[in-house]
Amino acid sequence: MPRVPTYDSFQATPNTLPQARLTMPEMPDVAGQQAQQMGRAMMAGGQGLGQVALDMQQQANQVREDDAFNQLSEAAQRLKFDKDAGFTNAKGINALQRDSGKPLADEYVGSLREQMSKIADGLGNDAQRQGFMRRAGHLMVSFHGDAMAHEANEFKSYALSVREGTISNRMNEIGLNYNNPQAIDEAVTSIQASVYEQGRLLGKSAEWQEAQARKLTSNAHKVALLSALEQNDPAYADAYLKKYSGQMDADDILTVRGHVTKAMDAKVGFTAASEVLGRMQPRIQVGEAERAFNIAVGTESNGRQFGADGKPLTSPKGAIGI
């Protein structure tokens, strides 16, 4: 009969399962987290308070800086425009020759710098002073430029007035020294130099300077010629015109030539009349006896010989006629 297979060697093999570790659930550290959050909050709050304090300090510095700059600006305006002390009211020689012995710009910048130092000393901290001094520096540069510009303009005006005075004085000298060629030549040279300096100060072209110099030179010669005519010296005036006509304008030459010709004609006529009268004087001159008779006639009868009826007049003494 068939045998049923058998298995006599019994062995047991352990059944392995995946290793597993059991852990307790982690509990959150609430206290620590709260402490950290509180620390961060306090830090943030501290930073916020610090920023607020810093902002307030910066605002305070800015206000003090602005106030200081306003004070300096007001001082600059006074030094510039005040009717008594402002440099814009210093005119002519007063702007160029200062009692301080300094140039106008240096004098006024020094005054403003003193004001700046006083204002800076009154500020509360270095931050305020630094900001103020930075802005004050720009103001000082502008102020100095304005003072120098005013000084230059006043020098120009003063120089022009001096040149005008020179020209006027030389014209007078020519009129007084019309018969002194050396004095006239020196005066004309001075006039021409003054005209060229005027042109330079005014920024005029070389053509303008040349034309103006010729015009005033011609006018100077005209003054000399008219002075000669006023002194009844037409012959000298005629010779003068011939000598200097090359330096004169056509209009002045024509004007003076007319006066010279008229004066010379009048003098020639007067001389001729004098000669005629001189030759006729012995014939028309009244003798001493005739002059005495004429005086007697005028005294006794007022020169009357006859009455209204045509008959000789008879005086109360019985004198008949003259």
*Asks:* Write down the atom of L104, the atom of A147, and the distance for their closest heavy-atom approach.
*Replies:* CD2-O, 3.7 Å

*Asks:* What heavy-atom pair brings V195 and Q209 nearest, and what distance separates the two atoms?
*Replies:*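 Shortest heavy-atom contact: CG1-O, 3.8 Å.
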
*Asks:* So which atom in E151 and which in P103 form the shortest heavy-atom distance, rounded to 0.1 Å?
*Replies:*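 Heavy-atom minimum between the residues: OE2-CB, 3.8 Å.
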
*Asks:* How would you list all residue pairs meeting side-chain hydrogen bond (donor to acceptor under 3.5 Å, both in side chains) that involve residues 104-120, not counting sequence neighbours?
*Replies:* R98-E107, S100-E107

*Asks:* Could R214 and D249 be called an ion pair, given the rule that one side-chain N must be under 4.0 Å from one carboxylate O?
*Replies:*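 Yes.
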
*Asks:* Does a side-chain N-to-carboxylate-O contact under 4.0 Å join R64 and D67?
*Replies:* no

*Asks:* Go through the side-chain N and O atoms of E74 and N70 and say whether any donor and acceptor fall under 3.5 Å apart.
*Replies:*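 No pair is found: no donor N or O on one side chain lies under 3.5 Å from an acceptor on the other.
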
*Asks:* Please find out if less than 6.0 Å separates the ring center of Y178 from that of Y240.
*Replies:* no

*Asks:* Taking all non-hydrogen atoms of both residues into account, name the closest pair between A76 and L139 and its distance.
*Replies:* CB-CD2, 4.4 Å

*Asks:* Give me the atom names and distance for the closest heavy-atom approach of A220 to V188.
*Replies:* CB-CG2, 4.5 Å

*Asks:* Are N179 and Q231 close enough, and set up right, to give a side chain to side chain contact (heavy atoms under 4.5 Å, CB included), and what steps lead you there?
*Replies:* CA-CA 10 Å; N179 56 353; Q231 297 300 319; over 6 Å; no

*Asks:* Quick one: CD1 on I167 to CG on N172, what's the gap to the nearest 0.5 Å?
*Replies:* 12.5 Å

*Asks:* Take atom CZ of F155 as the centre, draw a 6.0 Å sphere, and report whether it contains more than 12 heavy atoms from other residues, nucleotides or ligands.
*Replies:*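 No, because the 6.0 Å sphere around CZ of F155 holds 12 heavy atoms or fewer from other groups.
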
*Asks:* What I want to check is whether the side chains of D84 and N89 have a donor and an acceptor closer together than 3.5 Å.
*Replies:* no

*Asks:* For a quick check under 3.5 Å, do Q198 and E164 share a side-chain donor-acceptor pair by atom type?
*Replies:* yes

*Asks:* Minimum heavy-atom separation for A90 and E154, please, with both atom names.
*Replies:*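 Result for this residue pair: O-CG, 3.7 Å.
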
*Asks:* Hydrophobic clustering (ILVMFWY, side-chain heavy atoms < 4.5 Å, transitive) - are F87 and M148 grouped together?
*Replies:*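 Hydrophobic grouping puts M148 apart from F87.
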
*Asks:* In Å, rounded to the nearest 0.5 Å, how long is the span from CE of M140 to CG of L72?
*Replies:* 7.5 Å

*Asks:* Would you sort out whether I184 and H221 count as a side chain to side chain contact (heavy atoms under 4.5 Å, CB included), showing the intermediate values?
*Replies:* CA-CA 8 Å; I184 289 174; H221 289 313; 4.3 Å; yes

*Asks:* Testing the 3.5 Å rule here: is there a donor-acceptor pair between the side chains of Q247 and S218?
*Replies:* no

*Asks:* Quick check: are there more than 12 heavy atoms from other residues, nucleotides or ligands sitting under 6.0 Å from OH of Y158?
*Replies:*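 Incorrect, the count does not exceed 12.
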
*Asks:* According to a hydrophobic-cluster definition based on side-chain heavy atoms being under 4.5 Å apart (Ile, Leu, Val, Met, Phe, Trp, Tyr only), do Y196 and L216 belong together?
*Replies:* no

*Asks:* Between CG of D121 and CE of M116, what distance do you get to the nearest 0.5 Å?
*Replies:*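 Answer for the CG-CE pair, D121 versus M116, is 10.0 Å.
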
*Asks:* So if you build clusters from Ile, Leu, Val, Met, Phe, Trp, Tyr with side-chain heavy-atom gaps below 4.5 Å, do V109 and L96 land together?
*Replies:*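 V109 and L96: separate clusters.
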
*Asks:* Say whether, by atom type as modelled, one donor and one acceptor occur between the side chain of D233 and the main chain of Y236 under 3.5 angstrom.
*Replies:* yes

*Asks:* With a 4.5 Å cut-off on side-chain heavy atoms, are H259 and K262 touching?
*Replies:* no

*Asks:* Can you measure from CD (Q58) to CD (Q128) and round to the nearest 0.5 angstrom?
*Replies:* 12.0 Å

*Asks:* Salt-bridged, D252 to R257, with N to O below 4.0 Å?
*Replies:*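 A salt bridge is absent here (no side-chain N lies under 4.0 Å from a carboxylate O).
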
*Asks:* Could you walk me through whether V162 and T166 pass side chain to side chain contact (heavy atoms under 4.5 Å, CB included), step by step?
*Replies:* CA-CA 6 Å; V162 170; T166 299; 4.3 Å; yes

*Asks:* So, does K204 use its side chain to make a donor-acceptor pair with the main chain of L201 at under 3.5 Å?
*Replies:* no

*Asks:* Write out all pairs satisfying salt bridge (Lys or Arg N to Asp or Glu O under 4.0 Å) with one or both partners inside residues 173-201, taking only residues at least two apart or from two chains.
*Replies:* R170-E173, E197-R200

*Asks:* Can you tell me how far the OH atom of Y244 sits from the CG atom of L225, to the nearest 0.5 Å?
*Replies:*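 Atom-to-atom, Y244:OH and L225:CG are 10.0 Å apart.
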
*Asks:* If you define the side chain from C-beta out and look only at heavy atoms, does anything of K156 sit under 4.5 Å from L202?
*Replies:* yes

*Asks:* If you count the non-hydrogen atoms of other residues, nucleotides and ligands that lie under 6.0 Å from CG in D99, is the total more than 12?
*Replies:*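 Open.
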
*Asks:* Would you check if K91 and H150 make a side-chain contact, meaning some heavy-atom pair closer than 4.5 Å?
*Replies:*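 In short, these two side chains touch, coming nearer than 4.5 Å.
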
*Asks:* Could you grab the distance from atom CG of L79 to atom CG of D146, nearest 0.5 Å is fine?
*Replies:* 12.0 Å

*Asks:* Kindly indicate, with the supporting measurements, whether the criterion side chain to side chain contact (heavy atoms under 4.5 Å, CB included) is fulfilled by D82 and T88.
*Replies:* CA-CA 8 Å; D82 184 81; T88 56; over 6 Å; no

